Amino acid sequence: MLTVTGTPVVPGLAHGPVLLVRTEISAAAVAAFEAAPALDPEDALAAYDQAASLVAEGFEKRAAEGSGAAAEVLTASAGLARDKGLRGAVRKQLRAGTSLLPAVHAAIEQFASVFEQMGGLMAERVTDLRDIERRVTARLVGESEPGVPVPDVPSVLVAEDLAPADTAGLDPRLVVALVTEKGGPTSHTAIIARQLGLPCIVGAQGAQDLAAGVRVLVDGASGVVEVEPDADHAAKRVADDKAVRAEVESWTGPGHTADGEPVKLLANVADGESSARSAEAPVQGVGLFRTELSFLNRTEEPSVEEQAQIYADVLRPFAGRGHVVVRTLDAGSDKPIAFATHEGEENPALGVRGLRLAFDNPGLLERQLDGIARAAEETGVETWVMAPMVATVAEAAGFAERVRERGLKAGVMVEVPSAALLAHRMLEVVDFLSIGTNDLTQYAMAADRMATDLAHLTDPWQPAVLQLIAITAHAGAEAGKPVGVCGEAAADPLLACALVGMGVTSLSMAAAAVKPVGAQIGHVTRAQCEEAAEAALAATDPGEARDAVRRIVLA
Ligand code: PEP
Ligand code: MG
C-alpha cells in the first residue's frame, strides 16, 4: 500500500478524502492585472491600502468568531496586514518606480528576510507574511482570498504549510486531520492541531502529490498516512481510536502508573487567563509559567508592583491545588522583549538570553524576584522559581541564593547540554531541575527549533537528547530531588512513559495534552516504563525509538 510519512505531532486516527489547500492565485488574473495600464504611485498605494485593510478585516472577523490561541494568531495577522512599516516599504518601492504587485512582493520579501534573520518565533511569522501577500494580491487582481476551502464532507487537509489564518478558522467537524509537507513540531499548524485535538502530521514529504479526493487514513501517533486503505480496516482502526479517545476524555487524575507510582502532571501557562483555564484540567499545579509571554508587547519594564499583580493572577487559580513553578524572564532569541533583549546579536540563540540577561543587568532579575515573592506572599500559593538557559553550576548557585533569600524554592532549567552533563553538581546547589526539551534538543542537535527543514533533528526522540534527559533524571533520583520535564516532549504520551522510566518525577504540558498523557501512563507499570526508557535509549534513531516504545507500552 502507498504511504506518506512525516513527523507525528498530534496522535489520533482519521479517515477521509484529501482536501488540498489552494495557495496559488490564478495566473490569468495576475496577467490581466499586469497588462492593464499601470497606476501612478499614489493611486497604487491607495489600492494597496484598500486591499490590505480588507485582508485585515477578514482576519479580525474570524478572530471575533474564534477564541483562545486561534483568535490571538488571527489578531496578530491582522496587525501585520496593517503594519505601517510594511506599508512604508511598499510606498518606497512604488515611489522608486516599481509597479504594484512587484512592489508588494519586494516589501514582503524585505520583511521576511529580517524575520528570518531574527530566527525563532519571528522566523515562524514568515509563513504569515507570505499568506498576507497572497491575500493582498488576490484582492488586488479581483480574486477571492486563497486558503482553506470549506469542505462538503469531513476531510483531511493537506497543504505545503498552513498559515495561522488557515488553521485558526478550522471547523473540527469538517476537518478531521492535518497533514503538511513543511513545518516542525512547534509550528503554528502543530499548535492549533493540538488545541483542536486534530490528528496531525508535519514534514510529510510528498503529501501534496496526493490527488484531491483520494481517501487516506492518517495516524497522528506514528506519522503514517495510508493511501486508499481497505475501507473495513480503516473503519475499524478509526472506531478503536474513538474508544481510546473516549477513555482519555474521562481520565480525571491524579497521574500515576498502573501499579500506583505517582507522576505529577502539571500545566504550562502564559498568563492569568491560561492559568485559570488550566486549573480546570486534572493537574496538580503549574510546572512552567513562561513570564516573558506577559511582556511581549511592553516597551518598558513593568514596576515590581505591577509584576506582582500579573504573577498573582497566575498563582491564584492554584491556591490549595498545588505548587506553581515560575520561570524568570526568558527574553532574547525567539522571544524578543523590548526592555530586556540585547539588540544586534549575530546569533541570538547562543547569545544573551534567559538568565544571561542578569549578567550585566542584575536589577532586572532582582526586581522580578521581588515581584514573584510579593505575589507568593499575597496568594499563599507554594511558589518555586527557576531560571532558563543556565549553563554553569556557578550560575545556578548564584540564582538559587537570590531566590532563597526571598524564602522561595529554587531550581534551574536544563536546556543547555552542559547543565544536563553536570546535573548532579547542579543539584548540590538547587532544590529541583526542570528539563526544557525544546531548547535542550535545539542545543544538543545544533538545529534551530523553528527550522522547518530540520524537523528530523529537532526531535526529542533523538538518542543524544534522550541520553541527556536520562543523565539528568538519574542525578535527580540519586540526590532525592525532583526532576521534571516541561518541554513539548512531556506532552507526547509515548515519550512520557519513557521519561517516567528514566526517573523523571513530573511532566508539565499544555493543559490540552494532560488527559492523553495521564491516561497512557495509567495503562503501564513502572517496570514497563523502565523497559520503554531502556529501549528508547538503545535505539539508533527517533523512528526506531518510537517503534520500540510503542511495542512495549501499547502491548
Ligand atoms: C524548553 O526549552 O523546552 C522550554 C520549556 O522553554 P521554551 O519553550 O519557553 O523555550
Ligand atoms: Mg526554552
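Position 1 is the first residue of the sequence; numbering continues from there. Atoms within each ligand, like the ligands themselves, are counted from 1 in listed order. Both backbone and side-chain heavy atoms feed into the values below; hydrogens, waters and symmetry mates do not. Everything numeric here is computed off the predicted structure, so don't read it as measured data.
Close approach to Gly436 involves these atoms of ligand 1, each under 4.0 Å from a residue heavy atom: 1 (C), 2 (O), 3 (O). Under a 4.0 Å criterion applied to the non-hydrogen atoms of Cys486, ligand 1 contributes the atoms 5 (C). Residue Gly487 approaches ligand 1 through these ligand atoms, each under 4.0 Å from one of its heavy atoms: 3 (O), 5 (C). Less than 4.0 angstrom separates some heavy atom of Leu288 from each of these atoms of ligand 1: 5 (C). Taking a cut-off of under 4.0 Å to the non-hydrogen atoms of Arg290, the atoms of ligand 1 that pass are 4 (C), 5 (C), 6 (O), 7 (P), 8 (O), 9 (O).
With hydrogens and angles ignored, the 3.5 Å screen pairs a side-chain donor or acceptor of Gln442 with a backbone N or O of Arg449. Of the possible polar contacts, none joining the Glu181 side chain to the Gly203 backbone as a donor-acceptor pair under 3.5 Å is found. Listed for the Thr437 side chain is no donor-acceptor partner under 3.5 Å among the backbone atoms of Leu440.
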Where do Asp370 and Arg406 land on the salt bridge (charged side-chain N to carboxylate O under 4.0 Å, His left out) test, with the steps shown first? CA-CA 8 Å; Asp370 286 342; Arg406 291 163 172 89; 2.8 Å; yes
Residues Glu378, Arg316; criterion salt bridge (charged side-chain N to carboxylate O under 4.0 Å, His left out); working and verdict: CA-CA 9 Å; Glu378 192 185 307; Arg316 218 171 279 114; 3.4 Å; yes
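At a 4.0 Å heavy-atom cut-off, ligand 1 touches Arg449 through the side chain alone. Neither the backbone nor the side chain of Asn268 has a heavy atom within less than 4.0 Å of ligand 1. With a 4.0 Å heavy-atom cut-off, ligand 1 is reached by no atom of Glu488. At a heavy-atom distance under 4.0 Å, only side-chain atoms of Asp330, from C-beta outward, approach ligand 1.
The aromatic rings of Trp384 and His323 lie parallel to each other, with less than 30° between the two planes, well short of the 60° mark.
In terms of polar-atom proximity, defined here as any N/O pair under 3.5 Å, Glu292 makes no such contact with ligand 1. Residue contacts with ligand 1: Arg353 is placed with no nitrogen or oxygen under 3.5 Å of a nitrogen or oxygen of the ligand (distance criterion only).
The Mg ion (ligand 2) has no N, O or S atom of Asp330 under 2.8 Å away, backbone or side chain.
Using a 4.0 angstrom heavy-atom cutoff, Arg327 counts as in contact with ligand 1.
One finds an angle of 100° at the Mg ion (ligand 2) between OD2 on Asp439 and OE2 on Glu415, to the nearest 10 degrees.
No donor-acceptor contact under 3.5 angstrom links the side chains of Thr180 and Glu160, judged on distance only. Of the N and O atoms on the side chains of Asp271 and Ser294, not one donor lies less than 3.5 Å from an acceptor on the other residue. For the residue pair Asp492/Trp461, the side-chain donor-acceptor check at 3.5 Å is satisfied.
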